[in-house]
*Asks:* 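First the structure, which I've put down as structure tokens, then a few questions once you've had a look.
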Amino acid sequence: MTSPQPRPGILDIKPYIPGASPAPGAAKTFKLSSNESALGASPKAINAYNEAAGNLFTYPDGGSTALRDKIAEIYGLDASRIVCGAGSDEILQLLTKAYVGEGDNIIQSEHGFLVYALAAKSCGAEPRFAKETNLTTDIDAMLALVDDRTRMMFVANPNNPTGSYIPEAELLRLRQGLRDDILLVVDAAYAEFMEQPDYNGGEKLVDQFDNVVMTRTFSKIYGLAALRLGWGYCPPAVADVLNRIRGPFNVTLPAQAAGLAALDDQNFVDLNRAFNREERNWMTDRLTAMGLEFAPSFGNFILIKFPHRAGLNAKDIQDLLKSEGVIVREMGAYKLEGYLRVSVGDKEANRKFIEVLTKKFSSS
Ligand SMILES: *Cc1c(COP(=O)(O)O)cnc(C)c1O
């Protein structure tokens with residue numbers, strides 16, 4: 001009567017629910033549920049991907065050498081401390097696998113990105129959630145949860161789904177309040193959208209301390225989510241650990257080729273950043289005019305609060321948007337009932353989204 005059983009805790013995990021995709025064959029739909037690039041990918045990256053088709057029979061470079069060198073050049077970093085992965089998700093999973101186990105705990109913020117808690121649970125560790133202040137990571141609340149079984153702390157900066165960020169000085173204060181044996185992971189997936197002078201993605205802390213890692217992705221501003229490409233910037237000892245446990249060919253050849261070309265097109269990144277700022281401002285101006293509350297966002301998405309009224313609440317508005325072909329993200333899993341998260345999409349999608357809301361809220 002026995003069958004193979006996973007380790008304790010695995011079956012308690014609720015699988016991560018990605019942003020919904022349009023049903024195949026549906027009429028024109030607008031996917032504003034996964035914070036994908038509004039401008040797609042750089043044409044140079046698409047060309048490089050197409051050219052890689054001729055080499056599909058070969059294994060990729062297991063060390064992602066050319067890609068790491070280019071990341072180092074563009075971001076002013078040390079290539080030997082960079083580890084590439086199948087999305088930053090793989091880096092987050094590998095770090096957790098390496099540094100936490102049964103009986104340990106990790107700390108993240110109340111409305112922080114959920115992948116951290118899922119990764120911790122898959123390793124038998126307890127995720128602890130620190131209260132936020134004004135939908136923003138609260139350093140003191142995070143530090144207050146630390147005990148002798150704490151092994152890691154995760155901060156998404158800016159955070160998804162709230163869109164808020166903490167300045168460089170606060171990040172430093174967080175590190176200074178942590179024991180040296182706790183690994184601080186700064187997930188800077190939206191760093192390229194940031195324009196605030198008091199912001200740093202986390203690389204300065206990595207250079208300064210042995211217990212800070214920064215993760216980055218090609219899924220957002222670079223528009224390469226389909227290829228699964230991300231990286232971590234690590235202290236040498238952590239890079240060594242990741243290189244021991246990652247798959248020997250964890251980043252595909254087309255992903256490396258497209259990533260390299262995307263890095264070479266910083267003009268596209270600048271365009272995407274400026275487009276996102278203008279469209280996000282346009283959307284938030286409209287939301288304000290409708291009397292809707294939203295969290296100030298520094299990413300390519302907006303977290304919007306809806307009234308607790310039949311027909312106008314988050315669930316009903318999500319259904320209404322869906323019936324009009326606009327897919328947004330529900331927030332129940334993030335303990336943000338009453339909210340929806342909408343990505344900043346292309347002009348047509350954003351106008352469609354605002355048009356549907358305006359019909360409901362302009363009169364109130
Ligand atoms: C989208 C996102 C990522 C990126 O994940 P990939 O695996 O690189 O696609 C990481 N962290 C946060 C907070 C995100 O929103």
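Every heavy atom of this structure was used, including side-chain atoms; hydrogens, water molecules and symmetry mates were not. First listed ligand is number 1; within each ligand, the first listed atom is number 1.
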*Asks:* Give the contacting part of D89 toward ligand 1: side chain, backbone, both or neither, where contact means a heavy-atom distance below 4.0 Å.
*Replies:* both
*Asks:* For atom 4 (C) of ligand 1, what's the nearest protein heavy-atom neighbour? Residue, atom name and distance, please.
*Replies:* S88 OG, 3.4 Å
*Asks:* Using a strict cut-off of 4.0 Å, indicate which atoms of ligand 1 neighbour a heavy atom of S219.
*Replies:* 6 (P), 8 (O), 9 (O)
*Asks:* Could you tell me if any non-hydrogen atom of N35 lies under 4.0 Å from any atom of ligand 1?
*Replies:* no
*Asks:* Just need the protein heavy atom nearest to atom 11 (N) of ligand 1, so name the residue and atom and give the distance.
*Replies:* D187 OD2, 2.6 Å
*Asks:* Indicate, as side chain, backbone, both or neither, the part of Y190 found under 4.0 angstrom from ligand 1 when only non-hydrogen atoms are considered.
*Replies:* side chain
*Asks:* What atoms of ligand 1 come within less than 4.0 Å of a heavy atom belonging to N160?
*Replies:* 13 (C), 14 (C), 15 (O)
*Asks:* Take atom CG of D147 as the centre, draw a 6.0 Å sphere, and report whether it contains more than 12 heavy atoms from other residues, nucleotides or ligands.
*Replies:* yes
*Asks:* For D210, does the CG atom sit with more than 12 other heavy atoms under 6.0 Å from it, leaving out its own atoms?
*Replies:* no
*Asks:* How about E330: does its CD atom have over 12 heavy atoms from other parts shown lying under 6.0 Å from it?
*Replies:* no
*Asks:* Considering only heavy atoms of A189, which atoms of ligand 1 have at least one such atom less than 4.0 Å away?
*Replies:* 2 (C), 3 (C), 10 (C), 11 (N), 12 (C), 14 (C)
*Asks:* So is R175 actually on top of F209's ring, under 6.0 Å and inside 45° of the axis?
*Replies:* yes
*Asks:* Given R246, which of V251, V241, I91, L94 fulfils the side-chain contact (heavy atoms from CB on, under 4.5 Å) condition?
*Replies:* L94
*Asks:* Could you check which of R228, K220, E90 puts a non-hydrogen atom nearest to atom 1 (C) of ligand 1?
*Replies:* K220
*Asks:* Looking only at protein heavy atoms, which one is nearest to atom 8 (O) of ligand 1, and what is the separation?
*Replies:* T217 OG1, 2.5 Å
*Asks:* When you look at T150 and D104, which way does the side-chain hydrogen bond (donor to acceptor under 3.5 Å, both in side chains) test go after all the steps?
*Replies:* CA-CA 6 Å; T150 303; D104 293 335; over 6 Å; no
*Asks:* Does R277 count as lying over the ring of W282, i.e. NZ or CZ under 6.0 Å from the six-ring centre, within 45 degrees of the axis?
*Replies:* no
